[in-house]
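I have placed the structure first, in the form of C-alpha cells, so that the comments after it can refer back to it.
Note on naming: letters A, B, ... go to the chains in the order of the sequence lines (proteins, then strands), and numbering restarts at 1 for each one.
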Number of protein chains: 2
Amino acid sequence: MAEGHGSMIGGENLLFLTDEQLRKGIEAMFFAYRGFTADPDRILEEHGYGRAHHRALHFINRTHGTTVNNLLAVLGVTKQSLNRVLRTLIEDGLVESRVGRKDRRERNLYLTEAGRTLERALSEAQRERMRAAYRAAGPQAVAGFRQVLEAMMDDEIRRQYLTMRDRRA
Amino acid sequence: MAEGHGSMIGGENLLFLTDEQLRKGIEAMFFAYRGFTADPDRILEEHGYGRAHHRALHFINRTHGTTVNNLLAVLGVTKQSLNRVLRTLIEDGLVESRVGRKDRRERNLYLTEAGRTLERALSEAQRERMRAAYRAAGPQAVAGFRQVLEAMMDDEIRRQYLTMRDRRA
DNA sequence: TTGGAATGTCAACAAGGCTGACATAAAATG
DNA sequence: CATTTTATGTCAGCCTTGTTGACATTCCAA
C-alpha cells in the first residue's frame, strides 16, 4: 500500500533522501530566495541601490565599527567590488569611515543616522516576510529550517556564522 | 531573569519571533544560499557558463518540451536575457529547440544528450550537498525546512511551485 | 484580412562580480 | 633603522546577467 515505508532500503530515516525529495528542496530553495530578497529589492530600487548595498549596510549595522577586511571576509567579494559599493554609501552619507584608533591603517565603519534609517527599512521589510513565514510554519518548523540551512553552509562559513550567530548588538 | 518568557506578549508560540531570531534566520538564509550554489558554480565555471545557464538546464530537464514563455515565467527574467543564455546553449548543442507542433510560433525545448550529461553533473553536485544537509539535520528538520521555504515564497510563485512540486518526470 | 500573440534579434546600458597593477600609510620585524 | 608586510584605496578593463526599447517574423484567431 501507499505507506509501505520502503524500510528495505535503509530504514525510515533514509526514506526522504530520494532524488525527488532533494529536487523539491532545491527548487524550494530557489523560489524562496527570490521571495526572501523581493521586498528589500523594491526599496533599494527607489534609492538607486542594489543588493550589494543592502549586504554592506546589514553587516555594518550588525557589527558596528567593523573593518573593511572583516567585511570582505563575511561578504566573500573582492575589495574592489566592495569598495565601489562602500564609496557610494560613504559619499551618500549613509556610512562613516573612521581611521582606526589602535591600528591607523584600518578603517572602522559605522552607519550614520541616515544609514540606520535605510537599514531599518530594509531589514524590517525582510523580517516581516520572515516573520510571516515563521508564523505560518510554526516553531518546530523554524528549528528545522535553521538546522538544514546551517548544515548547507560551507564549512568555513558555518564556523564564521556560528561564532557570530549569538552575539549581542 | 534571562528566561522570563515574555508570555505577556502573546504566549510561547510567538516567543521565537524576536528580531534577534529573525536576524539569525535571515543570515542563515544568506550564507546557506552561498553554499547551495557553490558546487554547481565550480562546474559551470569549467564550462564557461554561469548560474543562468544552470537554471535554464534545470527547468528544461524538469519539464521536457517546455516553451520559452513557460520558462520565462518560471525563471522570472526577460526574454532578451533568457534568449542570450538559451542561444549559447543551443549553439553549444546542449539544448534543442523544436518548432511547436500545434502552435508553430512556440518553441519546445529539450536537452540533448550532452545537455543531460551536464545537467546531471550540476544537479548531482547540488543534490549531494542537500543530501548531506538533510542527513545531518534529520527528517523532522527537513519537513520544517520545506514548510518555512514554501511560506517565504511570493504568493504567485508559491502557487506555481505547489502545482509542479509533485509532478512526475 | 487584420489584429494580436509568441518569438527572435539588435543595440545600448547598468549593476556588480572579477583580475591585475599600482600607491600610500602604518605596523611589524629583522 | 631599514625592510617587509598589511590594510586600504584606486584605476583600468573584462565578464555575466539583468534591464529597456525598437523592430521583424510568424501565424493563430476573430
Check this for me: does the side-chain of [X] come within 3.5 Å of the base of [N] through a donor and an acceptor?
{"X": "Q80(A)", "N": "dG16(C)", "answer": "no"}
{"X": "R105(A)", "N": "dT6(D)", "answer": "yes"}
{"X": "R84(A)", "N": "dG17(C)", "answer": "yes"}

How do N108(A) and R107(B) order along DNA chain D: which one's closest nucleotide is nearer the 5' end? N108(A)
Got a sec: does the CD of E91(B) have more than 12 other heavy atoms crowding it under 6.0 Å? yes
Nearest listed nucleotide, side chain of N83(B), among dG16(C), dT9(C), dG9(D): dT9(C)
Closest to the H53(B) side chain: dT7(C), dA7(D), dT17(D)? dT17(D)
Is Y110(B) linked to F59(B) within one hydrophobic cluster, defined over Ile, Leu, Val, Met, Phe, Trp and Tyr using a side-chain heavy-atom separation of less than 4.5 Å? no
Check whether any side-chain nitrogen or oxygen of [X] sits under 4.0 Å from OP1 or OP2 of [N], and answer yes or no.
{"X": "R34(B)", "N": "dG17(C)", "result": "no"}
{"X": "R104(B)", "N": "dT26(D)", "result": "no"}
{"X": "R55(A)", "N": "dG17(C)", "result": "yes"}

Quick one: are R146(B) and R165(B) in side-chain contact, heavy atoms under 4.5 Å? yes
Please tell me if the side chains of D19(A) and R127(B) come closer than 4.5 Å, counting only heavy atoms from C-beta onward. yes
